[in-house]
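Note that the coordinates shown come from a computational prediction; the quantities given were computed from them, not determined experimentally.
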Amino acid sequence: MHVKVAPRLSSLLLAALGGLALGAAFPPLGWWPGALVAVALLWWALRPDHAGWNALAGLVFGCVFFLPHLWWANLATEEAPWIALSVLEASFLALFGAAWTWVRRGITVLLRGGRVPSGAGWWAAVAFAWLFTGVEELRAQVPFGGFPWARLAWSMVDVPLGRAAWLGSSVLVTFGVCLAGLGLAGAVRALSVRPLTRRSAGRAAAAVAIAAAVVVGPAALPLPADPDAGTVTSGDGVPVHDAGQGTAEDGVLVAGAVQGNVDDPGEGVFGFRPELFGNHITGTHELAGDLAGQLDIVLWPEDSSGIDPRTDPGEAAALDAAAEAAGAPILVGSQEYPETGGRYNTALLWEAGQGVTQRYAKQRPAPFGEYIPWRPVVRLLSDQVDRVTTDMLPGGEPAVMEVPAEASGGPGATVPVATVICFEVAYDDIVRDAVGRGAQVLVVPTNNAPFGWTSESTQQLAMTRMQAMTTGRAAVQVSTVGVSGVVAPDGTLVAATELFTHDTFAARLPLRTTLTPAVLAGPWPGWIAAGGAGLLVAAGIAAGVVSRVRGRRRRT
């Protein structure tokens, strides 16, 4: 189908503006209405019936968004991997653009030739939102296990709409963002009609009302909330944060956390492993000096020991002494190198005099960051693949540990804790599985040092907050260099540290056993989104074929 030059250029301009608006919705700006504006601009950017051009518009939208949003990947690797990752993720928006053409064509056929209005039809809005959510779910699953970073939902943690995660996880939140954005598009279109009539003004008001209801309505959902969350008590300098202990159903867990930091920001941290380990030992003794005997566990970040302490007598002795001083086991981030090759990214529970008593290995290593798929082929594109000298292996056990909690619960007391390592917090299924297996608290150990002063850490903290809302569990994100944070079960950010600072803190984490609707629903929200999107596309293609056949018959 022929598309005129001016509409083509305007569609690309709208797509580019949409990508910029979406970027503004995430940290560092965090202007959440940008996500609604982005959806509206994408709606306007897509042409009525030109799949190829719409794919290009979707690609432009995606590239303008992902390239700056994932800028931290450039610091951690180099230009080629950063661009490749951004374009790969943007290609899903290109797929969406083409797919929407087919879905829209099918809707038109079903209406027997009626023209689809650009924003007024809520049936079209629902189809658009469903398709977008389904493509986003596909992006979270493939390739190489998916990359759920930059879901629309993550931008909504400070908005009532974000609370919809309690009901249907991040999938429902993304769907709501799309509907609200299309409500905005419908209102603008109704008001642009000249002359403005009472009817068009009424349509605009209705669209705004529906969008507002989608954004504000989830405030009525019964998330566990404690008005005293955020209260701080302190001894000789170590703050103890109340993470909503008024919502506890099974007591509390008192966790200390250490953000050890290093003097050299950036990826140079990997050359300063002894310093990093020493800083975390020092931080643990700082906790012990103020809170000895009051802590159930001390949390260290991902990769905080640098090497497997089971293979180094010096590290083992230092950990023993620190755990003894704190009167609590230490959750240590480590690297494990099996004799068969490869390596594991592990969280080890270290108890004084016993060493490692429990272990969790990261289930979802990051492709091109922690392992290199198709290494010989990718090396042709960039020699940076050789910076990952040993590929990380996926762990096979769920992210749950039984943590001794004798300080709070008495002799023999234990608490199941979710130990979700770094990027795994973006994967709904890993977090949901841990909580479904009994985890009462979320712990997210992470190493953000390679990403410098970028917003990668605060983007990740937003995901931790939404997973707290999704599961109804308090959470602690603990980073090597920041940002670390304490989150209440309703997603409230109780406390956060600064980047590249040494910091220690503790939190009284409420233990909860109630499973939220989102956890009980399991993978069904994602399946419904993806399956429904597939059916919409199939129906659109089939309707188009039927329309062409009927057209040929009429001409004959």
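- Taken from CG in Leu535 to CD1 in Ile528, the straight-line distance is 11.5 Å, to the nearest 0.5 Å.
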What do the steps show when you test Asp226 against Thr247 for side chain to side chain donor-acceptor pair (under 3.5 Å), and what is the final call? CA-CA 6 Å; Asp226 179 5; Thr247 65; 5.9 Å; no
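- Interatomic distance, Arg465 CZ to Leu493 CG, rounded to the nearest 0.5 Å: 5.0 Å.
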Before you tell me yes or no, could you show the steps for Phe92 and Phe147 under ring-ring contact (aromatic ring centres under 6.0 Å, His included), namely the whole-Å CA-CA distance, both residues' side-chain angles and the distance that decides it to 0.1 Å? CA-CA 11 Å; Phe92 284 90; Phe147 189 68; over 10 Å; no
side-chain contact (heavy atoms from CB on, under 4.5 Å) between Leu17 and Val64: does it pass, once the steps are laid out? CA-CA 8 Å; Leu17 291 174; Val64 171; over 6 Å; no
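- A donor and an acceptor atom, one from each side chain of Ser408 and Asp296, are located under 3.5 Å apart.
- Taken from CH2 in Trp130 to OG1 in Thr174, the straight-line distance is 14.5 Å, to the nearest 0.5 Å.
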Is there a side-chain contact (heavy atoms from CB on, under 4.5 Å) between Leu95 and Leu138 once you walk through the steps? CA-CA 11 Å; Leu95 173 64; Leu138 178 66; 4.0 Å; yes
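- Under the 4.5 Å side-chain criterion, counting only non-hydrogen atoms from C-beta, Glu136 is in contact with Leu152.
- Phe451 places none of its side-chain heavy atoms less than 4.5 Å from the side chain of Ser457.
- Here the closest non-hydrogen pair linking Ala475 and Thr464 is CB-CG2, 3.8 Å.
- The shortest heavy-atom contact between Leu85 and Ala73 is CD2-CB, 4.4 Å.
- Side-chain contact annotation: Thr197 with Ser200, donor-acceptor N/O pair under 3.5 Å present.
- Under the ring pair (Phe, Tyr, Trp, His ring centres under 6.0 Å) rule, Phe26 has a single partner from Phe65, Trp32, Phe66, Trp31, which is Phe65.
- Using a 4.5 Å cut-off on side-chain heavy atoms (C-beta onward), Val177 and Leu36 make contact.
- Side chains of Ser170 and Asp428 form a contact here, defined as non-hydrogen atoms less than 4.5 Å apart.
- In this structure, Arg364 does not pair ionically with Glu424, as no charged nitrogen and carboxylate oxygen lie closer than 4.0 Å.
- Open room surrounds CD on Glu397; 12 or fewer heavy atoms of other groups in view lie less than 6.0 Å from it.
- Contact record, Thr133 with Ala529: CG2-CB, 3.9 Å, taken as the closest heavy-atom pair.
- Considering all non-hydrogen atoms of both residues, Ala99 and Leu131 come closest at C-CD2, 3.8 Å.
- Looking only at atom types and distance, the side chain of Thr513 has no donor-acceptor partner in the side chain of Asp250 under 3.5 Å away.
- Atom CD of Glu498 sits in a sparse spot, with 12 or fewer heavy atoms from other residues, nucleotides or ligands closer than 6.0 Å.
- Aromatic ring centroids of Phe61 and Phe96 lie 6.0 Å or more apart.
- Annotation: side chain of Trp44 is in contact with side chain of Val188 (closest heavy-atom distance under 4.5 Å).
- Atom CG of Asn345 sits about 9.0 Å away from atom OH of Tyr360, to the nearest 0.5 Å.
- In this structure a side-chain-to-backbone donor-acceptor pair under 3.5 Å is missing from Asp242 to Gly230.
- Across every non-hydrogen atom of Leu221 and Ala164, the tightest pair is CD1-CA, 3.8 Å.
- Considering every non-hydrogen atom in both Pro510 and Val252, the closest pair reads CA-CG1, 4.3 Å.
- Between Gln245 and Arg508, the side chains place a donor N or O and an acceptor N or O closer than 3.5 Å (distance only, hydrogens not considered).
- Listed for the Gln459 side chain is no donor-acceptor partner under 3.5 Å among the backbone atoms of Ala150.
- You'll find the side chain of Leu331 reaches within 4.5 Å of the side chain of Met401, heavy atoms only.
- Rounded to the nearest 0.5 Å, atoms CG (Leu184) and CG (Leu179) are 13.0 Å apart.
- By the 4.5 Å heavy-atom criterion applied to side chains, Val403 and Thr414 are not counted as neighbours.
- Here Phe128 and Trp43 bring their ring centres to under 6.0 angstrom of each other.
- We find that Arg151 and Glu137 are joined by a salt bridge, their nearest charged nitrogen and carboxylate oxygen being less than 4.0 Å apart.
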Which pairs of donor and acceptor atoms, one on a side chain in residues 483-490, lie under 3.5 Å apart (sequence neighbours left out)?
| from | atom 1 | to | atom 2 | distance (Å) |
| --- | --- | --- | --- | --- |
| Ser484 | OG | Gln259 | OE1 | 2.8 |
| Ser484 | OG | Ser479 | N | 2.8 |
| Asp490 | OD1 | Thr492 | N | 3.2 |
| Asp490 | OD1 | Thr492 | OG1 | 2.9 |
| Asp490 | OD2 | Thr492 | OG1 | 3.3 |

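- Taken from CG in Leu291 to CZ in Phe505, the straight-line distance is 12.5 Å, to the nearest 0.5 Å.
- Between Val476 and Leu509, the closest side-chain pair of non-hydrogen atoms falls below 4.5 Å.
- Between Trp82 and Trp71, the angle of the ring planes goes over 60°, which puts this pair in the perpendicular group of the 30/60° scheme.
- A donor-acceptor pair under 3.5 Å links the side-chain atoms of Thr471 to the main chain of Gln467, judged by distance alone.
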Determine whether Trp300 and Thr480 satisfy the following criterion, side-chain contact (heavy atoms from CB on, under 4.5 Å), listing intermediate values before the conclusion. CA-CA 8 Å; Trp300 283 19; Thr480 48; over 6 Å; no
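- Put simply, the side chain of Gln460 gets close to the backbone of Cys422: a donor and an acceptor are under 3.5 Å apart.
- Here the side chain of Thr101 pairs a donor or acceptor atom with the backbone of Gly97 at under 3.5 angstrom.
- A search for ring-ring contact (aromatic ring centres under 6.0 Å, His included) contacts involving Phe423 returns Trp72, Trp149, not counting sequence neighbours.
- The only option from Val478, Asn447, Val444 that meets the side-chain contact (heavy atoms from CB on, under 4.5 Å) definition with Glu302 turns out to be Asn447.
- At distances below 3.5 Å, at least one donor-acceptor pair connects side-chain atoms of Thr516 with backbone N or O atoms of Val519.
- Without hydrogens or angle criteria, Glu249 side chain to Leu511 main chain gives no donor-acceptor distance under 3.5 Å.
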Val232 and Val240: side-chain contact (heavy atoms from CB on, under 4.5 Å), yes or no, with the steps? CA-CA 5 Å; Val232 180; Val240 181; 6.0 Å; no
